[in-house]
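Report on one structure; see the data block that follows.
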Amino acid sequence: MTQLTALERDLLACVERLVTASEASAKDLTALETRSTGRIEQELAGLKDCVTLLIRSQAASMKALSGLLNDEASYKTLEENLQQSLTLAKTAAERLRDS
């Protein structure tokens with residue numbers, strides 16, 4: 001077996017350090033990507049829930065107003081539907097604030 005020169009040993013050591021650093025960097029980047037993707041998915045799910053609540057709130061408001069315009073709903077029903085709408089809107093706002 002041929003002996004390595006001092007320069008070759010130093011070069012080999014540098015290459016080994018580079019390989020080790022590259023592997024560690026790749027591992028860290030993979031972990032970062034996993035955390036970021038998870039957080040983005042969690043935020044998207046929260047936004048989806050909020051949009052759903054806001055749509056339900058809007059539908060409750062429209063039902064209450066439609067009933068009022070058609071004179072089919074009593075003021076009690078109107079108040080209940082508007083209260084439901086307000087509750088849903090507040091819930092959506094809380095979820096957005098907490099996310």
Side-chain angles (χ1 to χ4, degrees):
M1 182 166 149
T2 307
Q3 289 285 344
L4 296 177
T5 66
L7 182 59
E8 290 171 329
R9 285 192 300 274
D10 287 345
L11 183 58
L12 184 58
C14 287
V15 169
E16 288 174 348
R17 284 195 303 270
L18 281 172
V19 168
T20 301
S22 293
E23 289 171 346
S25 179
K27 186 177 179 180
D28 290 345
L29 288 173
T30 299
L32 177 63
E33 179 185 19
T34 300
R35 286 192 309 271
S36 296
T37 301
R39 184 173 177 147
I40 289 169
E41 288 174 352
Q42 182 181 7
E43 289 179 3
L44 285 174
L47 284 173
K48 177 185 166 205
D49 290 343
C50 291
V51 169
T52 299
L53 286 170
L54 290 172
I55 289 171
R56 288 174 52 199
S57 169
Q58 186 67 25
S61 294
M62 296 307 296
K63 180 179 176 184
L65 292 173
S66 174
L68 182 63
L69 291 174
N70 293 323
D71 204 20
E72 295 175 3
S74 68
Y75 283 103
K76 182 178 180 187
T77 302
L78 174 65
E79 185 178 342
E80 288 171 359
N81 286 337
L82 289 175
Q83 185 60 41
Q84 177 187 12
S85 174
L86 181 62
T87 300
L88 291 168
K90 285 181 179 179
T91 302
E94 288 171 6
R95 286 191 184 174
L96 278 174
R97 187 176 2 142
D98 294 341
S99 65

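- Under the rule for a side-chain hydrogen bond (donor to acceptor under 3.5 Å, both in side chains), the partners of E8 that lie at least two apart in sequence or sit in another chain are T5.
- In terms of the side-chain hydrogen bond (donor to acceptor under 3.5 Å, both in side chains) criterion, R35 has no residue partners (sequence neighbours excluded).
- The side-chain hydrogen bond (donor to acceptor under 3.5 Å, both in side chains) pairs that include a residue from residues 25-34 number zero, where partners must be two or more places apart or lie in different chains.
- When hydrophobic residues (I, L, V, M, F, W, Y) are linked wherever their side-chain heavy atoms come within less than 4.5 Å, L7 remains an isolated member.
- Taking Ile, Leu, Val, Met, Phe, Trp and Tyr as hydrophobic and joining them when side-chain heavy atoms fall under 4.5 Å apart, one finds V51 in a cluster with I55.
- Pairs passing the side-chain hydrogen bond (donor to acceptor under 3.5 Å, both in side chains) check and including a residue from residues 12-21, sequence neighbours excluded, do not occur.
- For the atom pair CD of Q58 and CE of M62, the computed distance is 6.5 Å after rounding to the nearest 0.5 Å.
- For residues 39-59, the salt bridge (Lys or Arg N to Asp or Glu O under 4.0 Å) pairs, not counting sequence neighbours, are R39-E43, D49-R95.
- Residues satisfying the side-chain contact (heavy atoms from CB on, under 4.5 Å) criterion with V19, sequence neighbours excluded, are V15, E23.
- Residue L4 belongs to a hydrophobic cluster whose other members are L12, with links defined by side-chain heavy atoms closer than 4.5 Å.
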